[in-house]
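Single-structure report; data block below.
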Amino acid sequence: MRKRFFLPDAATKQEFGCLLFAFAPVGVLLTAIVVFELGGFGLSTIPGKLAHQISAFDRSIVMELSELRARTVWLTAVIVYYAIAVAVMIVSIHTIRLNLSRQCFRYFGAIIGLLGILSVAYFIFGTLRENGVTAIFRLTYGVLEASGYFSPLQLGVILGLVSVVNLIATVVPFAIILAGSSSMAPFEELPPDEVLHFIEARFSHLKNAVNLGSAMLLIGVLHMLAWLRWPVVFLGQGKLTEEFVNWSLTLSMYWGAVFSLMVIALYIPCTLALYARAKREFNRNFPTSEHPELWKYLQTFGISREPMRQLPQVIAMLAPFIGGSLGASLANLGGVSG
């Protein structure tokens, strides 16, 4: 009898154990959302409060050029975000397929789809109820709409582009997390050297997920910064503009820190587990060897825990936070000074 999709076999159930490594990064994200929802109240009222400042602002050629520059920076962030998101999805799907059986791969695809649907539903619900996270989107769009500077067609194009960004942001991070956690799926017993080469491949899969995921999250932070800085051109100069700029940088730093913590919560447990598996294989093959010989032997398979060899991953994990903290350079390209 042909096996049904929704009836996993024993091997597939064992593969599901790797999902335990997805709980930490997902938990970081959910905690950050809850904290922001509890403390991010009041954002939805800002566009209305800024309406008078916008209408009173003199629309000179300087303002038009500043707006065009801010819009171009935002469009640049959008196109880069789209490109990296496609690459991340391709690599994530390929990584999951390499690490899992065909049946478990289908289950992981269903999980990604389900999480994506729940995230989209949350975003739509938040748009209707004006929660803290969706208020980030509504803030800039509300100011652009209140400015009267754009036609309905132009506002529709802006809405379409940023909606695709929001859709990607609700789906792709889960694909990254599942791709990384799939590197922890169990595998059959092999000769020692083959097992270590296999573990090396799993390390490579994990690092690819971390590096590409961090790159996408970094661009996501910079896109958020460019999106939030766009309305500044309609506010003129003064204390209001300065505070608006400072707030956009602080908000980008918050989410940059969250994204870095997500990557760290994924990478470190997976790395420690892979190290432990490599150590077990070494001890099984060389039960009487000295411990210092362990890492020297594993280095021949590209497995190392030396700080300098881990530096690229450390930089990758911190990239979103660094982007949020030092994003002023991009902001200065896209708006007026405070």
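Tyr149 has its side chain out of reach of Leu144: every pair of non-hydrogen atoms, C-beta onward, lies at least 4.5 Å apart. Using a 4.5 Å heavy-atom cutoff, the side chains of Ile158 and Trp74 are in contact. Looking at heavy atoms from C-beta onward, Phe108 lies in side-chain contact with Cys18 at the 4.5 angstrom threshold. A heavy-atom distance below 4.5 Å is found between the side chains of Met262 and Ile177. Leu222 has its side chain out of reach of Tyr81: every pair of non-hydrogen atoms, C-beta onward, lies at least 4.5 Å apart. Residues Leu19 and Ile111 are in side-chain contact: their nearest non-hydrogen atoms beyond the backbone lie under 4.5 Å apart. Using a 4.5 Å heavy-atom threshold, the side chains of Ile219 and Tyr82 count as separate. Between Met216 and Ile168, some side-chain heavy-atom pair lies under the 4.5 Å cut-off.
Listed here is the closest heavy atom pair of Ser182 and Asn99: OG-ND2, 3.0 Å. Smallest separation of non-hydrogen atoms from Ala265 and Val28: CB-CG2, 4.1 Å. The two residues Val233 and Ala70 come nearest to each other via the heavy atoms CG1-CB, 4.2 Å. Of all the heavy atoms in Gly256 and Val221, the pair that sits closest is CA-CG2, 3.7 Å. Residues Ser248 and Leu228 share a closest heavy-atom pair of CB-CB, 3.7 Å. Of all heavy-atom pairs spanning Ala175 and Ile96, the tightest one is O-CD1, 4.3 Å.
Aromatic ring orientation, Trp230 versus Trp227: perpendicular (interplanar angle above 60°, classes split at 30° and 60°). The aromatic rings of Phe150 and Phe234 lie perpendicular to each other, with more than 60° between the two planes, well past the 30° mark.
From His205, atom NE2 reaches atom SG of Cys270 across 13.5 Å, with rounding to the nearest 0.5 Å. To the nearest 0.5 Å, atoms CG (Leu274) and OG1 (Thr271) are separated by 6.5 Å. Rounding to the nearest 0.5 Å places CD of Glu145 at 9.0 Å from CG of Leu159. The structure places OG of Ser181 at 9.5 Å from CE of Met184, a figure rounded to the nearest 0.5 Å. Separation of atoms CG (Leu206) and OG1 (Thr95) is listed at 9.5 Å; rounding is to 0.5 Å. In this structure, CG in Leu68 is found 9.5 Å from CG in Leu75, a value given to the nearest 0.5 Å.
Listed for the Ser260 side chain is no donor-acceptor partner under 3.5 Å among the backbone atoms of Ala257. Looking only at distances, a side-chain donor or acceptor of Arg202 sits under 3.5 Å from a matching main-chain atom of Ala185. Within the 3.5 Å criterion, the main-chain N or O of Met89 finds no donor-acceptor partner in the side chain of Ser92. Between the Arg97 side chain and the Leu100 main chain, a donor and an acceptor come within less than 3.5 Å of each other. Ser214 places no side-chain N or O within donor-acceptor distance of the main-chain N or O of Asn211, the cut-off being under 3.5 Å.
Cluster annotation: Ile79 and Val86 are assigned to distinct hydrophobic clusters (Ile/Leu/Val/Met/Phe/Trp/Tyr, side-chain heavy-atom contacts under 4.5 Å, transitive). Taken together through direct or relayed side-chain contacts under 4.5 Å among Ile, Leu, Val, Met, Phe, Trp and Tyr, Leu115 and Leu266 form parts of separate hydrophobic clusters. Phe259 and Phe23 fall into different hydrophobic clusters, where Ile, Leu, Val, Met, Phe, Trp and Tyr residues are linked whenever their side-chain heavy atoms come under 4.5 Å apart, directly or through other members. No continuous path of hydrophobic side-chain contacts links Leu98 to Ile176 [ILVMFWY only; heavy atoms under 4.5 Å]. The hydrophobic cluster containing Leu272 also contains Ile264, counting ILVMFWY residues as joined when their side-chain heavy atoms lie under 4.5 angstrom apart, directly or transitively.
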Does Thr170 form a side-chain contact (heavy atoms from CB on, under 4.5 Å) with Asn166? I'd like the steps, not just the answer. CA-CA 6 Å; Thr170 60; Asn166 292 331; 5.5 Å; no
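Between Tyr267 and Phe21, the distance separating the two ring centers is not shorter than 6.0 angstrom.
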